[in-house]
Amino acid sequence: MPDDMKDYLEKLNQARSRRKKQLEIRYFVAAVCAVVVVSVLGVGLARMKSRSAAASGQEGKAGQEGTAASETETEAPAEPTLSPEELAAQQEAQEIQAVLDSYGNMGLIQVEGYLNVRETPGSGGKIIGKLQQNSVCEILEEDGEWDHITSGGIEGYIHNQYVVTGEAAKEAARAYVVKRAVIKADKLNIRDQPNTEGSQVVGQALQNER
């Protein structure tokens with residue numbers, strides 16, 4: 001065989017060997033890349049599954065909490081509705097308490113008939129008013145057996161022998177608190193019937209009397 005032919009065949013074999021090695025390297029690299037891609041996809045899928053499971057768990061928990069809250073709201077007893085009579089009684093009790101609290105030092109009159117209010121302390125003082133049984137007054141100060149009081153626009157002195165004071169007076173007075181009218185005119189006729197024709201005047205109420 002000629003030398004030229006031998007050189008050609010040798011070079012051809014060398015070239016084939018190089019291409020074979022290159023192909024082997026490429027196949028190896030491709031295989032490595034495929035493994036990496038599969039691994040990355042596997043990790044990604046695992047994370048997605050984990051997130052999906054966590055989201056499902058949170059939604060389930062939120063759903064359970066929502067259901068529990070709904071059940072709680074459903075099971076909560078409705079507030080009782082008060083009748084008009086109960087509302088009126090409640091309002092009246094509040095008004096009575098407001099009246100009692102308006103006194104700083106209440107005095108409750110406990111006497112048969114009425115108790116004289118005098119201009120000065122002492123039995124010789126001028127009588128300027130009267131307090132009926134179970135009526136109340138504000139005690140301004142005590143002066144021995146006499147209390148300096150004010151009631152219904154009148155200020156004077158009463159004998160404290162017939163007066164209950166402090167918290168005992170407030171508790172006892174609770175049963176006697178009623179609505180009263182305060183006279184604003186100089187004097188007002190009191191009639192035996194609710195009209196001015198055919199009725200008789202049986203008395204008079206003066207200004208600031210109740």
Response to the item:
Contacts satisfying salt bridge (Lys or Arg N to Asp or Glu O under 4.0 Å) that involve residues 146-174 (not counting sequence neighbours) are E171-R174
Any donor-acceptor N/O pair, [X] side chain to [Y] backbone, under 3.5 Å:
{"X": "Q133", "Y": "V111", "answer": "yes"}
{"X": "R118", "Y": "S123", "answer": "yes"}
{"X": "E142", "Y": "H148", "answer": "no"}

Item to complete: Could you point out which residue of N116, I158, L108, I154 forms a side chain to side chain contact (heavy atoms under 4.5 Å, CB included) with L131?
Response: I158
Atom pair [atom1] ([X]) and [atom2] ([Y]), whose distance is rounded to the nearest 0.5 Å:
{"X": "S199", "Y": "Q193", "atom1": "OG", "atom2": "CD", "value": "6.0 Å"}
{"X": "K130", "Y": "S135", "atom1": "NZ", "atom2": "OG", "value": "12.5 Å"}
{"X": "Q132", "Y": "Y114", "atom1": "CD", "atom2": "OH", "value": "8.5 Å"}

Note, [X] side chain near [Y] side chain (heavy atom, < 4.5 Å):
{"X": "I139", "Y": "T165", "answer": "yes"}
{"X": "Q90", "Y": "L82", "answer": "yes"}
{"X": "V136", "Y": "I109", "answer": "no"}
{"X": "V117", "Y": "I127", "answer": "no"}

Item to complete: Indicate the atoms forming the closest heavy-atom contact of P121 with D143, along with that distance.
Response: CG-OD2, 3.8 Å
Item to complete: Using side chain to side chain donor-acceptor pair (under 3.5 Å) as the criterion, list what pairs up with D101, not counting sequence neighbours.
Response: Q97
Should we say atom [atom1] of [X] is surrounded by more than 12 heavy atoms from elsewhere, each under 6.0 Å from it?
{"X": "E112", "atom1": "CD", "value": "no"}
{"X": "Q110", "atom1": "CD", "value": "yes"}
{"X": "E86", "atom1": "CD", "value": "yes"}

Same apolar cluster: [X] and [Y], side chain cutoff 4.5 Å:
{"X": "V164", "Y": "Y162", "result": "no"}
{"X": "I128", "Y": "L115", "result": "yes"}
{"X": "V163", "Y": "I149", "result": "yes"}

Discussion item. E145 vs N160, test: side chain to side chain contact (heavy atoms under 4.5 Å, CB included). Steps then yes/no.
Written reply: CA-CA 6 Å; E145 297 180 347; N160 56 29; 4.3 Å; yes
Worksheet item: When you look at L140 and T150, which way does the side chain to side chain contact (heavy atoms under 4.5 Å, CB included) test go after all the steps?
Response: CA-CA 7 Å; L140 303 177; T150 179; 4.1 Å; yes
Item to complete: Compute whether any side-chain donor of one residue and acceptor of the other, for Q204 and N189, lie under 3.5 angstrom apart.
Response: yes
Worksheet item: Do the ring planes of W146 and H159 sit parallel (below 30°), tilted (30 to 60°) or perpendicular (above 60°)?
Response: perpendicular
